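Since this is a predicted model, take the numbers as computed values, not measurements.
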Amino acid sequence: MSEVPEREQIVARLRQHVRVMVLPTIVLIAVAGAYGFFASAFAEPWLNVAVGAVAAVLVFTGWLLPLLGWLARNYTITTRRIVLRRGIVVRLRQEVLHSRIRSLTVRTGGLQPLFGSGDILIDVGSADPL
């Protein structure tokens with residue numbers, strides 16, 4: 001009688017803690033407040049357009065790019081492997097089988113214990129730690 005191999009099941013799907021978006025959100029609120037104050041404050045029409053353009057660039061670089069970067073990286077833990085996916089335009093996928101893991105280190109520092117989060121460092125030997 002042959003044994004049927006066990007199917008791989010997803011244990012968890014994770015991403016970086018949302019607290020990394022606190023500073024970009026503060027930037028968004030500050031830019032929105034400054035734009036609301038300076039939107040029509042100038043007599044010259046080109047200055048009002050310049051304020052809008054500067055606000056749009058700051059929102060794009062200070063909030064939208066970090067948000068897309070945060071959304072574009074996720075971790076999937078299954079019963080057989082760990083899969084790291086990242087990237088927006090160019091997708092990078094790394095897979096590590098549980099059998100290849102040499103050591104696993106969990107670190108918490110700063111304010112991480114208050115949020116119940118931490119850093120997990122996976123050593124697979126030859127390559128850089130994941």
Side-chain angles (χ1 to χ4, degrees):
M1 184 184 247
S2 64
E3 290 187 27
V4 177
E6 206 176 299
R7 291 186 63 194
E8 183 176 24
Q9 296 179 355
I10 295 175
V11 176
R13 287 195 171 123
L14 308 167
R15 72 174 70 246
Q16 200 173 12
H17 199 277
V18 75
R19 75 177 182 282
V20 299
M21 289 302 299
V22 169
L23 184 61
T25 303
I26 291 171
V27 168
L28 175 68
I29 293 169
V31 168
Y35 177 72
F37 184 76
F38 290 111
S40 299
F42 300 107
E44 298 288 330
W46 69 272
L47 287 174
N48 293 326
V49 172
V51 167
V54 168
V57 167
L58 288 175
V59 166
F60 181 76
T61 59
W63 183 75
L64 189 61
L65 286 180
L67 176 68
L68 290 175
W70 179 72
L71 288 173
R73 175 177 285 193
N74 63 6
Y75 308 93
T76 304
I77 301 173
T78 67
T79 53
R80 294 185 185 165
R81 60 193 167 143
I82 299 172
V83 181
L84 165 66
R85 289 187 198 101
R86 61 181 169 202
I88 297 172
V89 177
V90 177
R91 298 287 288 177
L92 176 66
R93 179 183 169 129
Q94 292 177 300
E95 295 184 15
V96 176
L97 294 172
H98 292 312
S99 61
R100 295 205 49 208
I101 296 174
R102 286 188 174 179
S103 68
L104 184 103
T105 307
V106 179
R107 297 183 299 190
T108 58
L111 298 175
Q112 287 178 334
L114 294 175
F115 295 108
S117 64
D119 299 327
I120 299 174
L121 184 66
I122 300 172
D123 183 20
V124 291
S126 63
D128 290 332
L130 180 65

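The shortest side-chain heavy-atom distance between Arg85 and Thr76 falls under the 4.5 Å cut-off. Here the side chains of Thr105 and Asp123 are not in contact, with every heavy-atom distance at 4.5 Å or above.
Judged as a side chain to side chain donor-acceptor pair (under 3.5 Å), not a single pair has a partner in residues 42-71 (not counting sequence neighbours).
Linking ILVMFWY side-chain heavy atoms closer than 4.5 Å, directly or via other members, places Ile10 and Tyr75 in two distinct hydrophobic clusters. Residues Val49 and Val59 do not share a hydrophobic cluster, defined by chaining ILVMFWY side chains whose heavy atoms lie under 4.5 Å apart. Side-chain heavy atoms closer than 4.5 Å link hydrophobic residues (I, L, V, M, F, W, Y) into clusters, and following such links, possibly through other members, connects Tyr35 to Phe38. In the hydrophobic clustering of this structure, Leu92 does not group with Val96; members are Ile, Leu, Val, Met, Phe, Trp, Tyr whose side-chain heavy atoms approach within less than 4.5 Å, directly or through other members. Grouping the Ile, Leu, Val, Met, Phe, Trp and Tyr side chains by contacts below 4.5 angstrom, directly or via other members, places Leu104 with Val124.
Here Arg107 pairs with nothing under the salt bridge (charged side-chain N to carboxylate O under 4.0 Å, His left out) rule; sequence neighbours left out. Taking Leu111 as the reference, Leu114, Phe115 meet the side-chain contact (heavy atoms from CB on, under 4.5 Å) condition, with sequence neighbours excluded. Under the side-chain contact (heavy atoms from CB on, under 4.5 Å) criterion, Thr108 pairs with Gln112, Pro113, sequence neighbours left out. Applying the salt bridge (charged side-chain N to carboxylate O under 4.0 Å, His left out) criterion to Glu8, with sequence neighbours excluded, gives Arg81.
Nearest heavy-atom pair across Gly69 and Ile88 is N-CD1, 4.2 Å. Nearest heavy-atom pair across His98 and Ile82 is CE1-CG1, 3.7 Å.
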Please output the side-chain donor-acceptor pairs of residues 19-32 that fall under 3.5 Å, not counting sequence neighbours, one pair per line with the distance.
{"residue": "Arg19", "atom": "NH1", "partner": "Ser117", "partner atom": "OG", "Å": "2.9"}
{"residue": "Thr25", "atom": "OG1", "partner": "Met21", "partner atom": "O", "Å": "2.7"}

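The distance from atom CZ of Arg7 to atom OG1 of Thr78, rounded to the nearest 0.5 Å, is 12.5 Å. Taking CG of Leu84 as the reference point, atom CG of Asn74 lies at 8.0 Å (rounded to 0.5 Å).
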Side chain to side chain contact (heavy atoms under 4.5 Å, CB included) between Arg15 and Leu71, worked out: CA-CA 8 Å; Arg15 72 174 70 246; Leu71 288 173; 4.1 Å; yes

